[in-house]
Colleague: 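Structure provided below as structure tokens; questions to follow.
We number each residue from 1, following the sequence as shown.
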Amino acid sequence: MGSVLALSSRPGRQNSPFPHNRPPSRWDRRDGRLPNPGSFDELHRSCKDVFPQQIEGVKMLLTKTLSSFFKVSHTVHLSAIAPSSYRFHVEHLQSDADSKEGGAPMLIGEMDSSGSLNAHSLFHLSERIRAKAVFQTQQAQFVTWQFETEYRGSDFTAAATIANPDILHESVIMVAHFLQSVSSQLVLGGELVYHRGRTEEGGILTLAGQYSGSNWVATLNAGRGGAHASYYHRANKQIQVGVEFEASTRTQETTFSFGYQMEVPEANMVFRGMLDSRCIIGGVLEKRLCPLPATLIMGAFVNHRGDKLQVGLGVNVG
């Protein structure tokens with residue numbers, strides 16, 4: 001249940017290999033008013049962006065910008081573990097003029113060589129209200145259809161989501177989010193997940209809090225389903241670190257992870273590394289090949305407990 005919602009609501013890391021990880025923009029408010037806390041799904045975003053994304057095999061990504069609001073990309077992935085695949089990705093983004101009108105949608109679609117489709121649509125109904133729809137198929141079968149409405153007030157965010165409604169099987173998943181800025185540094189809120197099926201019905205309440213300093217962010221989610229804590233710290237302009245702790249009552253598992261990011265602007269390089277309690281050590285090096293519009297990506301991950309090694313090489317063009 002949780003994976004369905006997380007898959008469609010959390011934005012992935014942008015194509016740029018040099019994202020400027022920093023505390024949320026709400027820290028920049030200096031007019032004395034409490035800032036908007038942002039979305040519930042992005043509470044741990046600063047910490048997660050420090051960790052490297054696992055890479056395996058050979059991957060090539062070619063991105064072409066056709067206009068100021070339309071771009072496409074092609075991805076070829078050759079793997080020795082999973083079947084090799086091809087993905088076609090297209091985005092219709094809002095231009096500056098469109099975003100002021102409030103009715104222009106953002107459309108994202110992706111289809112792979114197996115026929116699976118991922119479609120995402122975002123509508124700005126007003127300056128404070130936006131609606132989102134997500135559809136995902138696994139080959140010829142629908143696996144996710146999700147609808148979300150979010151309202152962003154001056155110092156709070158409220159959202160409601162309905163996922164996989166099925167009248168015939170009498171099943172549905174509903175999620176409510178709320179975040180409130182208590183002060184310029186403290187944010188409190190919660191998440192209520194309700195699911196119903198023919199054989200089961202229940203709900204899970206999770207409370208959340210985030211406290212931020214000048215160069216760090218501490219976040220905690222805790223409820224009956226478990227706990228998720230993270231700490232992000234920017235040591236200087238080149239080094240950022242993140243620590244995550246996750247405990248699940250359903251799987252009875254607890255994991256601890258440490259990640260770091262080191263930027264070398266003079267060499268156009270970024271290195272991300274991680275170490276967790278499952279004895280997995282990994283790192284990804286991203287090197288921009290100036291003056292070419294390309295980035296070389298090299299990564300390796302070692303699972304000492306499972307005696308497994310994953311090595312990957314990728315090239316991003318565009």
Colleague: Which is it for S39 and R152 under the side-chain hydrogen bond (donor to acceptor under 3.5 Å, both in side chains) test, yes or no, and what are the steps along the way?
Modeller: CA-CA 9 Å; S39 298; R152 293 200 177 194; 2.7 Å; yes
Colleague: Verify whether one side chain among E263 and Q261 offers a donor that lies under 3.5 Å from an acceptor in the other.
Modeller: yes
Colleague: Do the non-hydrogen side-chain atoms of F301 and M274 ever get within less than 4.5 Å of each other?
Modeller: yes
Colleague: Is it true that, when you exclude F142 itself, more than 12 heavy atoms of the residues, nucleotides or ligands shown sit nearer than 6.0 Å to its CZ?
Modeller: no
Colleague: More than 12 heavy atoms of other residues, nucleotides or ligands under 6.0 Å from CG of D307: is that the case?
Modeller: no
Colleague: Consider only side-chain N and O atoms of T295 and E286, and report whether a donor and an acceptor are under 3.5 Å apart.
Modeller: no
Colleague: Checking H228 against E244: is there a side-chain donor and acceptor pair closer than 3.5 Å?
Modeller: yes
Colleague: If you group Ile, Leu, Val, Met, Phe, Trp and Tyr by side-chain heavy-atom gaps below 4.5 Å, do Y231 and L188 land in one group?
Modeller: yes
Colleague: If hydrophobic clusters are built from ILVMFWY residues whose side chains come within less than 4.5 Å, do F256 and L220 share one?
Modeller: no
Colleague: Exactly one of Q210, H44, R45 should register a side-chain hydrogen bond (donor to acceptor under 3.5 Å, both in side chains) with T219. Which one does?
Modeller: Q210
Colleague: Taking the side chain as C-beta and beyond, is there a heavy-atom pair between S121 and F135 under 4.5 Å?
Modeller: no
Colleague: If you look at every heavy atom in L179 and G189, which pair is closest and at what distance?
Modeller: CD2-CA, 3.9 Å
Colleague: Would you mind reporting whether I239 and Y260 have side-chain heavy atoms less than 4.5 Å apart?
Modeller: no
Colleague: Are M269 and M298 co-members of a hydrophobic cluster defined by side-chain heavy atoms under 4.5 Å apart?
Modeller: yes
Colleague: Please check if atom CD in Q141 has more than 12 non-hydrogen atoms from other residues, nucleotides or ligands closer than 6.0 Å.
Modeller: no
Colleague: Would you kindly say whether S114 and D112 are connected by a side-chain donor-acceptor distance under 3.5 Å?
Modeller: yes
Colleague: Ignoring hydrogens, what is the shortest heavy-atom contact between G153 and N36? Give both atom names and the distance.
Modeller: O-ND2, 2.8 Å
Colleague: How about T255 and D276: do any of their side-chain heavy atoms sit closer than 4.5 Å?
Modeller: no
Colleague: Taking V187 as the starting point, is it possible to reach L205 by hopping between hydrophobic residues whose side chains are less than 4.5 Å apart?
Modeller: no
Colleague: Indicate yes or no: at least one non-hydrogen side-chain atom of K59 is less than 4.5 angstrom from one of T75.
Modeller: yes
Colleague: Taking side chain as C-beta onward, heavy atoms only, is F258 less than 4.5 Å from V241?
Modeller: yes
Colleague: Is there a donor-acceptor contact under 3.5 Å linking the side chains of N316 and T63?
Modeller: no
Colleague: Hey, quick one: are F147 and M174 part of the same hydrophobic cluster, counting side-chain heavy atoms closer than 4.5 Å, chains of contacts allowed?
Modeller: yes
Colleague: Checking side-chain polar atoms at under 3.5 Å, does R87 have a donor or acceptor matched by the opposite partner on S73?
Modeller: no
Colleague: For residues N215 and H233, determine if any side-chain heavy atom of one lies less than 4.5 Å from a side-chain heavy atom of the other.
Modeller: yes
Colleague: Can you confirm whether R234 sits close enough to W216 that some side-chain heavy atom of one is under 4.5 Å from a side-chain heavy atom of the other?
Modeller: no
Colleague: CD1 of I167: more than 12 outside heavy atoms within 6.0 angstrom?
Modeller: no
